[in-house]
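Below: one structure, written as structure tokens.
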Amino acid sequence: MSAPPREKPLRVMPWWLALLGLLVAVLVGWLVLDWLLAEADRAAQADTRATLRVDAIRTGLTVVAGTGGGLALLFAARRQWINERGQRHQEAVAAREQAHRDRVQAHAEAVAEAAQRHQDRQAASAEHDAAERRLTELYVRAIELVGSDNPAVRLGGLHALERLGQDNPGQRSTIVAVLCAYLRMPAPDDARETEVRRTAQRMLTRHLRADHDTWWPGVDLDLTGARLDAFDASGCTLVDLDLTGAVCTGATSFARAVVRGRLRLAAEFEDAVFDDLTGDADLVLDGARFTGRVSFDRADLGGELSCRGASFAELSFRGATLRQPSSFDRAHFTGSATFREAVFLGGLSIEHATFDEYAGFRRARFADMALFRWTQFRGDAWFEGGRFEGAASFGRAGFHGPTSFADATFARQPLFDQAAVTSSGTHVWPTNVVEDRGRLRLADR
């Protein structure tokens, strides 16, 4: 906003200027009167000269009066201009004073607001510090209880940690890490300690179910080397679970779980249930050992599955869908293994594996390559109704029991180079594959 133009300083009219104006008026009147009288004297008749002289005097006086009136009007105009200028000056002064008062008021309000904000920050900081101190005290107290020699006291400490995590989301990852560390500690053979550890397990899984109000999102579990008893993660949402070297006794359940990231399951299991498992996590079971029944029925795995060197007592993949490459290289199946109606959308590799008993791939679909090279089928091997849509290779495989490829379809000629057959039972081989002195080869055309 531009500043208003400054007015010139007001000058006081000198007294002599008014006197000069008056003298000018008289002089003008006198000159006019003199001129008119001179003109009147030129008249021939005396009456006419007298009349003209009277008119001349009247006119001269009128001029003097008119000149004086003009001067009076000029002075009145100057007085009015001075009054108006004074009014404008008063208004400008009043406006400046009001603007100054407004600035002072705004400054006072800004100072008051800043002071209030400072007080609010101090109060919030004090409240935060008090909350942090109380949180730290509660956390330290709960940790002390967990470290007690009395199982009942440890159980109370675990519940205190859980309440602390439920009320303070920022502490959940730390509390989960503490619970996992507790489960990784050596477990004495004591019934009361077993119950405490089961409680810790239930606390972890209770907060991993997304359909519950107690869900703690974004939590990963590090249970490497832990000893778990009847670990139940059914229906949980699991992200980056690590069970490497863990010992899982009883029935371990991941049924209906949703998995993300990477699950490292190279552990020892008894019974394990992965039925209806879904998600895009990579499952790594390399070297895992299953002494009981393992079930992946109807699982829908969006990530890679790696079971290299794993040992399975009894395995079921009925109706499972594996969308990424899967590997069972060097795996050992000591009991029956069924992949009935399983769908392998990625490549399947079962090389150097051993099936001690039944191996069933009935009506399984292999959308990509299927490799069974060097694999030993010591029991029944059934591929009835299987669909091989990519390359299939059974090179150097060993068939030591009844084998059937009845109604199996192949998009390409399967490879059975140097595959061995040691059983004299009933066998049904793919078209153009014949058995010759214990070896399989392509039929001569």
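Along the sequence shown, residues are numbered consecutively beginning with 1.
Contact annotation: the side chain of Phe355 never approaches that of Ser336 to less than 4.5 Å [non-hydrogen atoms, C-beta and beyond]. Inter-residue side-chain proximity for Leu241 and Asp220 is flagged as unmet; no heavy-atom pair is nearer than 4.5 Å. Using a 4.5 Å heavy-atom threshold, the side chains of Val433 and Gln413 count as touching. Between Ser173 and Trp216, the closest side-chain pair of non-hydrogen atoms is not below 4.5 Å. Side-chain contact between Leu277 and Leu301 is present, with at least one heavy-atom pair separated by less than 4.5 Å. Thr244 places none of its side-chain heavy atoms less than 4.5 Å from the side chain of Leu223. Within the 4.5 Å cutoff, the side chain of Leu204 has heavy atoms near those of the Cys180 side chain.
For the residue pair Thr422 and His400, a side-chain donor N or O sits within less than 3.5 Å of a side-chain acceptor on the partner. Side chains of Gln376 and Thr354: a donor-acceptor N/O pair is absent below 3.5 angstrom, by distance only.
For Tyr182, the ring pair (Phe, Tyr, Trp, His ring centres under 6.0 Å) test picks out no residue, with sequence neighbours left out. Partners of Val343 under the side-chain contact (heavy atoms from CB on, under 4.5 Å) rule, at least two apart in sequence or in another chain, are Thr321, Leu345, Arg365. Under the salt bridge (charged side-chain N to carboxylate O under 4.0 Å, His left out) criterion, Arg308 pairs with no residue at all, not counting sequence neighbours. Scored by the side-chain contact (heavy atoms from CB on, under 4.5 Å) test, His118 finds Arg121, Gln122 as partners (sequence neighbours excluded). Residues forming a side-chain contact (heavy atoms from CB on, under 4.5 Å) with Val178 (at least two apart in sequence, or on another chain): Tyr139, Ile143, Leu161. For the side-chain contact (heavy atoms from CB on, under 4.5 Å) test, residues two or more places apart in sequence or in another chain that qualify with Thr199 are Leu155, His159, Glu195, Arg202, Met203. With sequence neighbours excluded, no residue forms a salt bridge (charged side-chain N to carboxylate O under 4.0 Å, His left out) with Arg330. Remark: His427 engages Trp429 in a ring pair (Phe, Tyr, Trp, His ring centres under 6.0 Å) (not counting sequence neighbours). Residues satisfying the ring pair (Phe, Tyr, Trp, His ring centres under 6.0 Å) criterion with Phe269, sequence neighbours excluded, are Phe290.
Scanning all heavy atoms of the two residues, the minimum distance from Leu285 to Ala310 falls at O-CB, 3.6 Å. When all heavy atoms of Val196 and Arg154 are compared, the closest pair comes out as CG1-CB, 4.4 Å. Shown here for Asp276 and Arg298, the closest heavy-atom pair between the two residues is OD1-NE, 3.1 Å. Looking at every heavy atom in both residues, Gln201 comes nearest to Leu228 through OE1-CA, 3.2 Å. Smallest separation of non-hydrogen atoms from Ser311 and Thr334: OG-CG2, 4.5 Å. Heavy atoms only, all atoms of each residue included: Phe296 and Ala320 are closest at O-CB, 3.5 Å.
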| Step by step, would you call Thr194 with Asp229 a side chain to side chain contact (heavy atoms under 4.5 Å, CB included)? | CA-CA 8 Å; Thr194 300; Asp229 183 60; 4.2 Å; yes
| task | Could you walk me through whether Val294 and Val273 pass side chain to side chain contact (heavy atoms under 4.5 Å, CB included), step by step? | result | CA-CA 6 Å; Val294 186; Val273 180; over 6 Å; no
| query | Taking it one step at a time, do Arg373 and Arg396 satisfy side chain to side chain contact (heavy atoms under 4.5 Å, CB included)? | reply | CA-CA 6 Å; Arg373 296 176 298 188; Arg396 299 181 182 273; 5.8 Å; no
| Which is it for Glu389 and Arg387 under the side chain to side chain contact (heavy atoms under 4.5 Å, CB included) test, yes or no, and what are the steps along the way? | CA-CA 6 Å; Glu389 301 173 4; Arg387 293 168 55 191; 2.8 Å; yes
| query | Checking ring-ring contact (aromatic ring centres under 6.0 Å, His included) for the pair Phe317/Phe361: CA distance, chi angles, key distance, verdict? | reply | CA-CA 9 Å; Phe317 268 85; Phe361 292 87; 9.8 Å; no
| field | Test log, rule side-chain hydrogen bond (donor to acceptor under 3.5 Å, both in side chains), inputs Gln98 and Asp102 | value | CA-CA 6 Å; Gln98 183 62 39; Asp102 293 342; 3.0 Å; yes
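In this structure, Asp407 places its CG atom where only 12 or fewer heavy-atom neighbours from other residues, nucleotides or ligands lie under 6.0 Å away. In this structure, Arg289 places its CZ atom where only 12 or fewer heavy-atom neighbours from other residues, nucleotides or ligands lie under 6.0 Å away.
Note that OG1 of Thr375 and CD1 of Ile350 are 6.5 Å apart. Values are rounded to the nearest 0.5 Å. Here the straight-line distance linking atom CD of Glu351 with atom CZ of Phe372 works out to 10.0 Å at 0.5 Å rounding. Atom CG in Leu442 sits 11.5 Å away from atom OG1 in Thr431 (nearest 0.5 Å). To the nearest 0.5 Å, the span separating OG1 on Thr409 from CZ on Phe366 amounts to 10.5 Å.
Not one N or O on the side chain of Asp300 forms a donor-acceptor pair closer than 3.5 Å with the backbone of Thr278. With hydrogens and angles ignored, the 3.5 Å screen pairs a side-chain donor or acceptor of Asp271 with a backbone N or O of Arg293. Of the possible donor and acceptor atoms, one in the side chain of Asp190 sits under 3.5 Å from a partner among the backbone N and O of Arg192. Of the possible polar contacts, one joining the Glu270 side chain to the Gly250 backbone as a donor-acceptor pair under 3.5 Å is found. In this structure, Arg209 contributes its side chain and Thr205 its backbone to a donor-acceptor pair below 3.5 Å. Between the His207 side chain and the Thr214 main chain, a donor and an acceptor come within less than 3.5 Å of each other.
Here salt bridge (charged side-chain N to carboxylate O under 4.0 Å, His left out) pairs that include residues 160-173, with residues two or more places apart or in two chains, are Glu162-Arg206. Within the structure, salt bridge (charged side-chain N to carboxylate O under 4.0 Å, His left out) contacts touching residues 238-250 (residues at least two apart or in different chains) do not occur.
Just one of His107, Glu109, Arg103 meets the side chain to side chain donor-acceptor pair (under 3.5 Å) condition when paired with Gln105; it is Glu109.
Under a 4.0 Å N-O distance rule, the pair Glu193/Arg197 qualifies as a salt bridge. Remark: Glu137 does not engage Arg141 in a salt bridge, criterion side-chain N to carboxylate O under 4.0 Å. In this structure, Arg318 does not pair ionically with Asp297, as no charged nitrogen and carboxylate oxygen lie closer than 4.0 Å.
Taking the six-membered ring for Trp and the full ring otherwise, Phe328 and Phe339 have centroids separated by under 6.0 Å. Separation of the Phe383 and Phe394 ring centroids falls under the 6.0 Å cut-off.
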Under 3.5 Å, which donor-acceptor pairs link side chains of residues 252-266 to any protein atom two or more places apart or in another chain?
{"unit_1": "Ser253", "atom_1": "OG", "unit_2": "Ala255", "atom_2": "N", "d": "3.4"}

